[in-house]
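Just so it is clear, the values below take in all heavy atoms, side chains as well, and ignore hydrogens, waters and symmetry mates. Worth saying up front: this structure is predicted, and the values here are computed from it rather than measured.
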Amino acid sequence: NVWIRDEGRCQYCNIRVSIKSFTLDHVNPKSCGGKTTWDNVVTCCYQCNQKKGDKTLKQTGMRLQKNVVKPASLPFIQTSEAYYTDAGLHHTWQFWLNR
């Protein structure tokens with residue numbers, strides 16, 4: 001859902017990242033007390049995640065492409081949609097997607 005909210009783009013360099021290769025970054029690092037919450041995690045490419053590490057945005061000079069917010073609703077993903085069939089999500093998600 002974070003990847004969908006962020007439209008499949010790294011929130012630092014704005015490149016498109018696949019659902020298979022994206023990473024989650026804690027804007028306020030866990031080492032600094034950051035929590036895994038909607039307003040603190042973003043879609044991130046591997047390179048930007050490595051560059052940022054456990055530093056704050058101020059320490060790295062990096063900035064977010066857009067404000068990070070909790071979505072008003074979570075998207076409904078059907079098995080026929082590209083998120084499942086083309087993105088190759090793990091088969092164990094099939095049960096949840098069919099509900």
Side-chain angles (χ1 to χ4, degrees):
N1 282 317
V2 173
W3 182 83
I4 294 168
R5 177 200 66 190
D6 295 342
E7 300 172 344
R9 294 194 170 274
C10 174
Q11 292 305 294
Y12 299 114
C13 69
N14 205 35
I15 67 162
R16 207 168 259 297
V17 288
S18 75
I19 199 160
K20 287 183 177 182
S21 66
F22 86 101
T23 63
L24 283 179
D25 180 63
H26 289 81
V27 178
N28 181 30
K30 290 170 73 174
S31 62
C32 297
K35 305 286 184 201
T36 305
T37 57
W38 280 108
D39 58 350
N40 193 48
V41 292
V42 295
T43 299
C44 189
C45 70
Y46 179 79
Q47 291 80 6
C48 286
N49 204 333
Q50 290 296 302
K51 178 181 174 182
K52 184 171 172 289
D54 67 344
K55 298 176 184 77
T56 64
L57 294 177
K58 187 174 183 177
Q59 290 172 316
T60 61
M62 298 171 80
R63 54 185 215 134
L64 293 169
Q65 294 293 313
K66 63 181 181 179
N67 291 332
V68 183
V69 296
K70 179 179 179 179
S73 64
L74 297 179
F76 179 73
I77 304 173
Q78 296 178 347
T79 58
S80 62
E81 292 180 351
Y83 295 121
Y84 185 82
T85 56
D86 294 339
L89 292 178
H90 197 268
H91 68 88
T92 55
W93 280 93
Q94 185 69 41
F95 170 80
W96 300 104
L97 296 173
N98 287 335
R99 298 186 92 198

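- Asn40 is not listed as a side-chain neighbour of Val68, based on a closest heavy-atom distance of 4.5 Å or more.
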Is there a side-chain contact (heavy atoms from CB on, under 4.5 Å) between Lys70 and Thr37? Walk through the geometry before answering.
CA-CA 8 Å; Lys70 179 179 179 179; Thr37 57; over 6 Å; no
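- Val2 places a side-chain heavy atom less than 4.5 Å from the side chain of Trp38.
- Note on Phe22 and Ile4: same hydrophobic cluster, where clusters join Ile, Leu, Val, Met, Phe, Trp and Tyr whose side-chain heavy atoms are under 4.5 Å apart, directly or indirectly.
- Between Met62 and Lys51 there is a side-chain heavy-atom pair separated by less than 4.5 Å.
- Looking at every heavy atom in both residues, Val41 comes nearest to Arg5 through O-NH2, 2.7 Å.
- Separating the OH atom in Tyr12 from the CZ atom in Arg63 is a distance of 12.5 Å, to the nearest 0.5 Å.
- Two residues are said to be in side-chain contact when any heavy atoms from C-beta on lie closer than 4.5 Å; His26 and Asp54 fail this criterion.
- Atoms CG and CG, from Asp25 and Leu64 in turn, are 8.5 Å apart once rounded to the nearest 0.5 Å.
- With values rounded to the nearest 0.5 angstrom, Thr43 atom OG1 is found 11.0 Å from Arg16 atom CZ.
- Closest approach of Asn28 and Cys32 over heavy atoms only: OD1-CB, 3.7 Å.
- Counting heavy-atom neighbours within 6.0 Å of Gln59 CD, excluding the residue itself, gives a total above 12.
- Between Cys13 and Cys45, the closest heavy-atom pair is SG-SG, 3.8 Å.
- Asn49 places a side-chain N or O within donor-acceptor distance of the main-chain N or O of Leu24, the cut-off being under 3.5 Å.
- The structure places NZ of Lys66 at 10.0 Å from CZ of Arg9, a figure rounded to the nearest 0.5 Å.
- Closest heavy-atom contact between Lys52 and Pro29: NZ-CG, 4.1 Å.
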